Amino acid sequence: MAAPNAAEHAPKRRKTRQDSGSVTIGGKTISVAGYLTSARPKQVEANGLKSTLQAPSQEQPSNVTSQPQQSTKKPSFESSGTNNKSRNPRGAKDHPLLKARRELPIWQHQDEIRTVVKRLGTDVIVIVGETGSGKSTQVPQFLYQESWCKRHKVKLPGREEDGYVGGMIAITQPRRVAATTLAHRVSTEAGTPLGKGRPDGLVGYSVRFDHQVPRGARIKFLTEGTLLQELLRDPYLRQYSAVVIDEIHERSLDVDLLAGFLKQILFGDKTQRGGVPLKVIIMSATAEVGVIQEFFGNAAIPGKEKASNVELLRIRGRQFPVTILYEPRPVADLQDALLKKIFKIHVEEPLPGDILAFLNGQEDIESAQRLIEEYATSLASNVPKIIAVPLYGQLSIEAQRVAFLPAKSPLTRKVVLATNIAETSVTVPGVRYVVDCGKAKVKQYRPRLGMESLLAKPISKSSAVQRAGRAGREGPGKCFRLYTEDAFDSLEDSDLPEILRNDVLGAVLTMKARGIQDVLSFPLIDAPEPAAIEMALLHLHFLGALADDGTITPAGEMMARFPLSAPLGAVLLAASGPEFDCVLEVIDAISCLTSGDDIFMHVQSEEAAEEVESYRKDIQRREGDIITYLTTMQMYTAENSDRMEWCKKRKINIRNMKQALNIRRQLRGMCLKEKLLSEMPAPDPQPFTPLSPEKAESVIKCFLRGFAMRTAMLAPDGSFVTVHGKHVVAIHPSSVMHGQKKEAIMFLEHVYTNKNYAKKVSAIQAAWIAEALGR
DNA sequence: GAGCACTGC
């Protein structure tokens, strides 16, 4: 995937052709000469330093000014930055990248950041910096040489010998790519490149399957999940002097948990860190930090000190102004309005300037693409052409790449039809016009029903602002909202954080495993409904992770150490018992089940589908999807000649299959360490022997230990009715069980879209359910 | 007969 957002860089000058002359667009003749050089932020001399200011003025883009301003307790100390003498941190001196660093908006603020962070005790600093401000790469570099960031030799409670606290700065990212690319960028800037053969370096990173932390590293980028895992071993984060939480505005479940644990460390027992304070720096790309300030500002931990301070620093970004245009009245047909808008932009707006349209999902994208292509053929030969390119997560990498390439022929306007993927995950270059349909599909968990829904819902203001911002990356842009200004005003300020949209089962286990007895009083920025937490506690008890008194069991502790959901952890533990004895088989199945999206790709056309089905015959098993995944892994690893070709024939996603192999290796290693396996299995490739029906039954029965609540019985009318809740469910078409009638089924996922769907389905016997439930 | 986006010592 191209250009992850996290690698903040200056807007790039787009290569443009200097063809002079004019073109005819929609009957109007327009000189193109003036449009073929893209604008760039002005370089301004400020206090002897070159800094890049927003062009053409310092004014906020209109999409930002329309936002409700969050009240801030502390004034921004942006104005206090009078002394902007160039400071050269050691290592950056004379480095060619220093010039680029000096031009980042945040460079001006380094003294203030150092000053504020130095005096942080139980206080927290929140840095709001728009995309391009340079916060993710620069803040750790500003801080690591401060005296408080040294490793301290201290007395720790309950220990005879001295311990060590501090020395490193952790900086978290929601995504692996962000953590690794930022680490590479910062290590290059610092002059100590990462990589093998370089044991000593300043910068490291730690993400799943990939840990590159040089000895003596002072700055460590990690994913939020990795830091949460570290918290299991090191509950007081003793290796760190500071933790920088980046991209908190995304409000991932993990970041919300981290915020809670950080707050506990800040206000908890200081002796556990030998009196060395932990500096907490929170960074957000959006201005809606009121809840964050409130969370850290009111120390709600009972019996603790007075409310602490939250310093707020705002850094401007490098964003061109974006003009927002609304519909005068609500549109009746979104898809129709979208197409008309795209055609209107194409006819009226200058080139170059590609269009990025945000749609609900794949279905809408495909139909819009067809209609734009029809329109394109109707255009006269002397007007600029238009091409439509889809962009969504399920597309292959090659297909996604097309969306990032400029149109092949000159005077062609590219329309990228994207899902939310283009809102945060990737940046499409060349975009000057955004069309925003105002909706997005959101997955939401219903704790009472124990099921998820995936439905199109109105986006938030924050999301709308983010979408609009995509038009202002390379020059002044326009954003066409396919809704009224009143509709915008009625949108929620920000999206529901994940912790309120997800099953909190894993979150509750995480807390329990990290010593939180009373999870209902754990500090959270947004607390889920108590009922949702209670459901999770009951579910964990059923899985054997919690004892009757609510304390965590050894099994629960082990489940929390595995990079698996709690139910899958329970499955793995069941598999290691003498009753089933099928750990390796269960690992193979789990590896495929958890490697991102489905390893089986969907085939569009009917003929292609038939061909793929014929190739898939050898891996598909009538026991259902679990045994099919297991067989796939066994055949894949037995394949000795050409695995690539083997996958291609069966339309198996190679990237996900490789990921599955990584997971398999990790799980095998962990099972060995946790003594769920007595010896390391023989290396691949091993000859393939089809799984016996008895073994298949054992594997499925293990899964029932984790998923007994996700079962359904065949009703007389041929439908399936869930054992819990008595809902009618249909077997999803992606399942090998689709269209089959068995006396009972077990499913690993339960999603409501057009219908109530059961996914990842296996055939079971009714008696097995009672057996699994009645233990 | 169908899938917003991420992610884990």
Side-chain angles (χ1 to χ4, degrees), chain A residues 1 4-6 172-179 206-211 213 222-234 247 250-255 257-258 358-366 391-395 418-426 437 439-444 452-457 459 463 466 495 498 501-502 506-507 509-510 513 558-566 568-569 594-598 600-604 606 609 659 662-663 666-667 669-670 673-674 730-735 737-739 749 751-755 757-760:
Chain A
M1 227 173 276
N5 239 14
T172 69
Q173 295 295 324
R175 281 171 287 282
R176 288 158 51 99
V177 272
S206 188
V207 301
R208 192 184 187 184
F209 310 126
D210 194 3
H211 305 273
V213 186
L222 8 64
T223 49
E224 293 154 356
T226 309
L227 188 59
L228 274 178
Q229 284 303 121
E230 287 191 356
L231 219 40
L232 271 180
R233 283 191 320 249
D234 181 9
E247 314 279 5
E250 291 195 21
R251 296 297 303 279
S252 68
L253 209 158
D254 284 351
V255 97
L257 291 176
L258 276 180
F358 286 97
L359 286 82
N360 286 339
Q362 188 178 341
E363 201 182 330
D364 289 354
I365 289 173
E366 281 165 0
L391 179 61
Y392 49 86
Q394 295 276 74
L395 279 177
T419 59
N420 254 356
I421 191 171
E423 192 179 305
T424 51
S425 307
V426 296
C437 76
K439 289 189 172 176
K441 279 193 186 168
V442 199
K443 208 172 228 181
Q444 192 154 1
E452 289 181 311
S453 63
L454 178 62
L455 299 168
K457 299 230 163 131
I459 59 171
S463 198
Q466 180 71 24
D495 294 305
E498 209 179 12
R501 282 190 293 115
N502 258 42
L509 181 62
T510 297
M558 202 185 284
M559 283 155 68
R561 284 194 291 272
F562 275 98
L564 295 174
S565 70
L568 286 177
T594 58
S595 68
D597 298 311
D598 207 336
F600 297 115
M601 291 191 288
H602 177 58
V603 195
Q604 301 282 357
E606 297 243 343
Q659 171 79 348
N662 271 332
I663 296 170
Q666 185 187 29
L667 290 179
M670 289 184 75
K673 216 171 107 191
E674 301 282 354
I731 297 176
H732 194 269
S734 64
S735 171
M737 297 286 298
H738 180 69
E749 289 171 28
V751 187
Y752 179 83
T753 50
N754 292 320
K755 260 193 220 171
Y757 280 114
K759 300 174 85 172
K760 316 262 168 81

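Values in this document were obtained by computation on a predicted structure and should not be read as measured data. Sequence lines set the chain letters: A, B, ... in the order given, protein chains first and strands last, and positions in each chain run from 1.
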(message) Any salt bridge linking A:Glu250 with A:Arg175? Criterion: basic side-chain nitrogen under 4.0 Å from a carboxylate oxygen.
(response) yes
Given [options], which nucleotide is nearest the side-chain atoms of [X]?
X	options	answer
A:Tyr757	B:dC9, B:dC4, B:dG1	B:dG1
A:Lys443	B:dA2, B:dC9, B:dC4	B:dC4
A:Pro563	B:dC6, B:dG8, B:dG3	B:dG8
A:Pro733	B:dC4, B:dG1, B:dC9	B:dG1
A:Arg175	B:dG8, B:dC6, B:dC4	B:dC6
A:Val207	B:dC4, B:dC9, B:dG8	B:dG8
A:Ile421	B:dA5, B:dA2, B:dG8	B:dA5
A:Lys441	B:dC6, B:dG3, B:dC9	B:dG3

Do the side-chain N or O atoms of [X] get closer than 4.0 angstrom to the phosphate oxygens (OP1, OP2) of [N]?
X	N	answer
A:Gln666	B:dC9	yes
A:Thr753	B:dG3	yes
A:Thr419	B:dA5	yes
A:Tyr392	B:dA5	no
A:Arg208	B:dT7	no
A:Arg176	B:dC6	no
A:Asn502	B:dC6	no

(request) Between A:Gly361 and A:His211, just flag the one whose closest nucleotide in DNA chain B comes earlier from the 5' side. (result)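 Result: A:Gly361.
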(message) Can you work out whether A:Phe209 or A:His732 has the more 5'-proximal nearest nucleotide on DNA chain B?
(response) A:His732
Within the 4.0 Å heavy-atom criterion, would you say [X] contacts the bases, only the backbone, or no part of the nucleic acid?
X	answer
A:Asp598	nothing
A:Glu224	nothing
A:Leu253	nothing

Write down the distance between [atom1] ([X]) and [atom2] ([N]), rounded to a whole number of angstrom.
X	N	atom1	atom2	result
A:Glu366	B:dA2	CD	P	13 Å
A:Asp210	B:dT7	CG	P	13 Å
A:Arg501	B:dT7	CZ	P	15 Å
A:Asn360	B:dA2	CG	P	17 Å
A:Met558	B:dG8	CE	P	22 Å
A:Met737	B:dA2	CE	C1'	18 Å
A:Glu498	B:dC6	CD	P	12 Å
A:Gln362	B:dG1	CD	C1'	13 Å

If every non-hydrogen atom of [X] is compared with every non-hydrogen atom of [Y], which pair is closest and at what distance?
X	Y	value
A:Ala418	A:Ile365	C-CD1, 3.8 Å
A:Ser252	A:Glu224	OG-OE1, 2.6 Å
A:Glu423	A:Gln466	O-NE2, 3.0 Å

Once you round to the nearest 0.5 Å, how far does [atom1] of [X] lie from [atom2] of [Y]?
X	Y	atom1	atom2	result
A:Tyr757	A:His738	OH	NE2	7.5 Å
A:Leu568	A:Leu667	CG	CG	9.5 Å
A:Thr419	A:Asp364	OG1	CG	11.0 Å

